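Quick note: residue numbers are just sequence positions, from 1. All of these numbers come straight from a predicted model, not from anything done at the bench.
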Amino acid sequence: MSKKKVYVVMDRQEERHDQPWSSYHIETSKRLDVIYERLKESGLFDDTRIEHLPRREATEKEIQSVHTKRYVENVKSTETMDADQQEAFCSKYEDIFVNSATWKRAKLAAGSAIDLVTAVAINRIPGIAFIRPPGHHAMPDEGCGFCIFNNVAIAAKEALRCGFAKKVMIVDYDVHAANGTQECIESMGDNVRLISIHRYENGNFWPNMPQTGIYHNYTNTMNLPLNTTGLIDSDYCALFSHIIIPYIHSFEPDLIIVSSGFDASLGDPEGYMNVTPAGFATMIRMMMNTGIPVAAVLEGGYFLEALAADSEWVLKALLGEPIPPINLELINPAIADTISRVLSKYEDTSFFRKVQELRKLIGQSLIEADVKQTDYKGERTVHAPYDTRGIYTPFADEKVNKFKDLLGSLLQSYESIEKPDIPSVFKYVNTDDNLLDVQDGHLLIGPGKAIKLFVELLFISAFDPQFVSDSFLDVKDTNFDSIRFGDGLRNLDSIPAFKNLPLFQL
């Protein structure tokens, strides 16, 4: 058993933040109930390696570091409203609800996120906060999409203000765009960045905003839009190995905050994706393997059985426990298109520029960067006063039971965990420091740290996404410019083990 310590915040919901009027809703207090029950049943909640952090209400000053005074005071006023007044209040904002407990629960969520991030940043120990209401859709002057206050943005702002971190990277894998976080961090300066992976469908999926595509004018945000549904672990991990981890490397943060929404999970009524508990655990492990402290904060996730399992396995990943390998399959063409477009847009990053050079060498056509380009074909059709009822419809029991059976089979398969095999085609040679070439069916890798990390991210992680690099923090992004490609790489596709690599699908 790992001896690693992890911080956990669990909101026990003494008062319940739930919709006070009668209409089916997916964001309920049951979400934290099932997480708590799963962690208790598994023994993780009482594990001696876990340090439970006390909850704290954020001060109004802390909240107003991100949100306007007007909006904060308006939320505060809902505490004494009756249900009719609360519903009328919510019609001013897109898809939120409040009750008499919301003001306190929202302050507790924000304060708990601040204290978790502070502890992680100071002690360089990972952690996770199981809190609600979620936060990543909340904008400076308005709540949105179940979110009251933007927990991760407030926590990032406080970490920077107090000097606990000099640079913060926020990674959001919730299935919805982090539109609120995007708005909240834009004024924070160059020392904070957001990477948001989300269902987009060229702007035809909520929140239907042009700013959530690849091409936008927000300087602190990189979007990785998903233009189809049904995406799997391999698709998400390709985004991590080819884009997210290299971008984290180039930014050199000393803290990673994860907006950990689980609505990209299989069976989720919002996402229609197929990410497994092992997939979420792998994404967390890949970020941990950078050596940068990771603080995760719960966002979405509405298939309760998957939410509980995803939370359990993410916590196991944070603890350093063995996690199941994902099934490595060909990536979806929509993922290949997103990777290609992002590589083109962000060619000022040396790693991306070097990937583009390699792609040219092996005969791939590249998407040309165009500042006028757009990937948005959607339309915003909702306006205040917003609907407060009849927005969500539950899945039929038959459909839910099918997902439960599939999830059960997956979890049963996790009882035996085997380490993935890495093919024996990688050959480290004492030649030019940062040479990469192909000879006699092997990939020849020079002794330099830059080429070693390049190969680990682009090649080895395709076989084992959990692979731990010992050179991540020793290599600067500009060091990738020293990599030299040999002519033998024109025959890179002749190595049979590489035929399913994401690189060859771009």
Side-chain angles (χ1 to χ4, degrees), residues 234 237-252 286 289-291 328 330-331 335-336 339-340 342-344 346-367 420-506:
S234 285
C237 286
L239 290 173
F240 268 81
S241 60
H242 287 61
I243 303 294
I244 296 172
I245 301 301
Y247 194 62
I248 290 173
H249 177 268
S250 70
F251 183 57
E252 298 182 326
M286 292 177 80
N289 286 347
T290 65
L328 297 172
L330 290 172
I331 62 172
I335 290 291
I339 291 174
S340 295
V342 170
L343 288 172
S344 173
Y346 293 92
E347 272 195 357
D348 56 332
T349 301
S350 296
F351 179 89
F352 296 157
R353 189 163 57 247
K354 214 64 190 179
V355 173
Q356 295 289 72
E357 182 183 332
L358 176 59
R359 292 180 63 205
K360 285 182 182 178
L361 184 62
I362 63 177
Q364 292 185 352
S365 57
L366 308 185
I367 296 173
D421 291 327
I422 297 176
S424 56
V425 296
F426 301 98
K427 188 174 182 180
Y428 293 88
V429 294
N430 289 317
T431 57
D432 294 354
D433 253 12
N434 286 303
L435 171 70
L436 188 66
D437 208 345
V438 168
Q439 187 180 83
D440 299 329
H442 288 84
L443 188 65
L444 304 185
I445 307 159
K449 289 185 176 181
I451 189 58
K452 182 174 181 288
L453 182 58
F454 185 84
V455 169
E456 289 167 350
L457 291 172
L458 203 60
F459 294 88
I460 294 178
S461 64
F463 301 102
D464 182 8
Q466 300 179 40
F467 182 85
V468 180
S469 172
D470 59 7
S471 56
F472 189 89
L473 297 177
D474 296 331
V475 176
K476 300 293 184 183
D477 183 61
T478 53
N479 295 150
F480 292 119
D481 291 329
S482 66
I483 292 175
R484 185 173 69 82
F485 295 138
D487 289 338
L489 285 170
R490 300 180 191 279
N491 300 315
L492 185 62
D493 59 355
S494 67
I495 300 177
F498 290 168
K499 67 177 182 179
N500 291 336
L501 283 182
L503 176 66
F504 289 108
Q505 300 164 57
L506 303 183

Taking [Y]'s backbone N and O only, do any of them form a donor-acceptor pair with [X]'s side chain (distance below 3.5 Å, no angle check)?
X: N289; Y: S469; result: no
X: S340; Y: A336; result: yes
X: D477; Y: F351; result: yes

From [X] [atom1] over to [Y] [atom2], what is the distance, rounded to the nearest 0.5 angstrom?
X: N479; Y: L453; atom1: CG; atom2: CG; result: 9.5 Å
X: L444; Y: L436; atom1: CG; atom2: CG; result: 8.0 Å
X: F504; Y: I495; atom1: CZ; atom2: CD1; result: 7.5 Å
X: L506; Y: I331; atom1: CG; atom2: CD1; result: 5.5 Å
X: L361; Y: F485; atom1: CG; atom2: CZ; result: 7.5 Å
X: S250; Y: Y346; atom1: OG; atom2: OH; result: 11.0 Å

Listed pairs under 3.5 Å, donor-acceptor, residues 238-247 side chains, sequence neighbours left out:
| unit_1 | atom_1 | unit_2 | atom_2 | d |
| --- | --- | --- | --- | --- |
| S241 | OG | C237 | O | 3.2 |
| S241 | OG | A238 | O | 3.4 |
| H242 | ND1 | A238 | O | 3.2 |

Can you give me the closest heavy-atom contact between [X] and [Y], atom names plus distance?
X: P447; Y: T431; value: CD-O, 3.7 Å
X: S471; Y: E456; value: OG-OE1, 3.9 Å
X: A462; Y: L328; value: O-CD1, 2.8 Å
X: I451; Y: N434; value: N-OD1, 2.9 Å
X: V438; Y: N491; value: CG1-O, 4.4 Å

Which residues pass the side chain to side chain donor-acceptor pair (under 3.5 Å) test with T478, not counting sequence neighbours?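 For T478 there are no side chain to side chain donor-acceptor pair (under 3.5 Å) partners, ignoring immediate neighbours.
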
Please name all residues satisfying side chain to side chain donor-acceptor pair (under 3.5 Å) with Q364, sequence neighbours left out, ordered by chain then number.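 Testing Q364 for side chain to side chain donor-acceptor pair (under 3.5 Å), a comparison that skips the adjacent residues, returns R359.
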
Just wondering, are more than 12 heavy atoms of other shown residues or ligands nearer than 6.0 Å to CG in D348?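 Above 12, so yes.
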
Does [X] reach the side chain of [Y], with side-chain heavy atoms less than 4.5 Å apart?
X: L443; Y: V455; result: yes
X: V429; Y: D437; result: no
X: L489; Y: L358; result: yes

Where does the angle between the aromatic ring planes of F472 and H249 fall among parallel (under 30°), tilted (30 to 60°) and perpendicular (over 60°)?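 Judged by the thresholds at 30° and 60°, the geometry between F472 and H249 is perpendicular.
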
Could you walk me through whether L503 and L492 pass the side chain to side chain contact (heavy atoms under 4.5 Å, CB included) check? CA-CA 11 Å; L503 176 66; L492 185 62; 4.0 Å; yes

Residue pairs, two or more places apart or on separate chains, that pass side-chain hydrogen bond (donor to acceptor under 3.5 Å, both in side chains) and touch residues 497-506: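 Counting only pairs at least two positions apart or across chains, no side-chain hydrogen bond (donor to acceptor under 3.5 Å, both in side chains) contact touches residues 497-506.
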
Among residues at least two apart in sequence or on other chains, which ones pass salt bridge (Lys or Arg N to Asp or Glu O under 4.0 Å) with R353?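 By the salt bridge (Lys or Arg N to Asp or Glu O under 4.0 Å) rule, R353 matches D481.
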
Which salt bridge (charged side-chain N to carboxylate O under 4.0 Å, His left out) pairs, counting each pair once, include a residue from residues 464-473, with sequence neighbours left out?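 Only K419-D464, K452-D470 qualify under salt bridge (charged side-chain N to carboxylate O under 4.0 Å, His left out).
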
Is there a side chain to side chain contact (heavy atoms under 4.5 Å, CB included) between V355 and L458? Walk through the geometry before answering. CA-CA 8 Å; V355 173; L458 203 60; 4.2 Å; yes

Regarding E357 and K354, does a basic nitrogen lie under 4.0 Å from an acidic carboxylate oxygen?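 A salt bridge is present here (some side-chain N lies under 4.0 Å from a carboxylate O).
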
How about F459 and F498: are their ring centres within less than 6.0 Å of each other?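 Centroid distance F459-F498: below 6.0 Å, so yes.
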
